[in-house]
Amino acid sequence: MTAPTDDVWTGGIADDISRTILSAEEIAKRTAELGARITADYRGRDLLVVGVLSGSFLFIADLVRQVNLPLALDFISVSSYGDRTRSSGVVRMLKDLNQSIAGRDVLLVEDIIDTGLTLSYLIDNLRTRQPASLEVATLLDKTEARVSKIDTRYVGFECPNEFVVGYGLDYQGRYRNLPYIGVLKPSVYATEDA
Ligand code: PRP
């Protein structure tokens, strides 16, 4: 993986982060471990990796490069209505899959599971299409915030119940490009709210 050099991140958006939760190196190491497990688990099967846009875009890009199998990729995009500081549970499909998943081994990839309501909707929706199997991989699992139970086969890290950004995770659409995961300074919200 080509990571930007550290000095690129001195100043600028890194100044809006109060504390690093996971460094780029920690994420890369764990992603390689998950990739090795997925490689072993899905050998000889028809693996279709499905990224849930937009938050998963960096994780899925790095994860599939650690899976040594002839997998296929697809993406799905959903949007929750209502106050996005908490999921509303009402989900609208923005972009569906480009292909049938009937009889295939589907691995849904998320950046974070919070309440679980988004994945709950997606799992129910995809199950009706009769995949051979349907599993979940998430980089972060915020189990403290869980409302809907989700079975997660592959979890990168347990996530503290704080507002984290970076490595795909956003605040109002920004900070996804930060190569690590951190906590946003409260002053950023104060500025936005002013
Ligand atoms: C985030 C994340 C999950 C969802 C998790 O997506 O990528 O899809 O929230 O929350 P939940 O478990 O409480 O449902 P978001 O709706 O912020 O969109 P994004 O992926 O475009 O950032």
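In each ligand, atom 1 is the first atom listed, and ligand 1 is the first ligand listed. For the numbers below, each heavy atom of this structure counts, side chains included, while hydrogens, waters and symmetry mates do not.
- Annotation for Phe59 and Val109: closest pair CD2-CG1, 3.5 Å, computed over non-hydrogen atoms.
- Residue-ligand proximity, Ile112 to ligand 1, at heavy-atom distances under 4.0 Å covers atoms 2 (C), 3 (C), 5 (C).
- Using a 4.0 Å cutoff on heavy atoms, Leu53 counts as a contact of ligand 1.
- Interface of Gly116 with ligand 1, defined as ligand atoms under 4.0 Å from a residue heavy atom, comprises 11 (P), 12 (O), 13 (O).
- Residue Asp111 has at least one heavy-atom neighbour below 4.0 Å for each of these atoms of ligand 1: 2 (C), 7 (O).
- The neighbour count for Asn68 CG, taken as heavy atoms of other residues, nucleotides or ligands under 6.0 Å away, does not exceed 12.
- A salt bridge does not link Arg104 with Asp74: every distance from a Lys NZ or Arg NE/NH1/NH2 to an Asp or Glu carboxylate oxygen is 4.0 Å or more.
- A side-chain N or O of Arg45 and one of Ser133 form a donor-acceptor pair less than 3.5 Å apart.
- The aromatic rings of Tyr42 and Tyr154 sit tilted relative to each other, their planes meeting at an angle between 30° and 60°.
- Contacts between Arg176 and ligand 1, counted as non-hydrogen atom pairs separated by less than 4.0 Å, involve the side chain only.
- Between Leu119 and ligand 1, not a single N/O pair is under 3.5 Å apart.
- Heavy-atom proximity to Glu110, at under 4.0 Å, picks out these atoms of ligand 1: 2 (C), 3 (C), 7 (O), 8 (O).
- Residue Thr115 has at least one heavy-atom neighbour below 4.0 Å for each of these atoms of ligand 1: 11 (P), 12 (O), 13 (O), 14 (O).
- Annotation for Glu144: atom CD does not count as buried by contact number, only 12 or fewer foreign heavy atoms lying within 6.0 Å.
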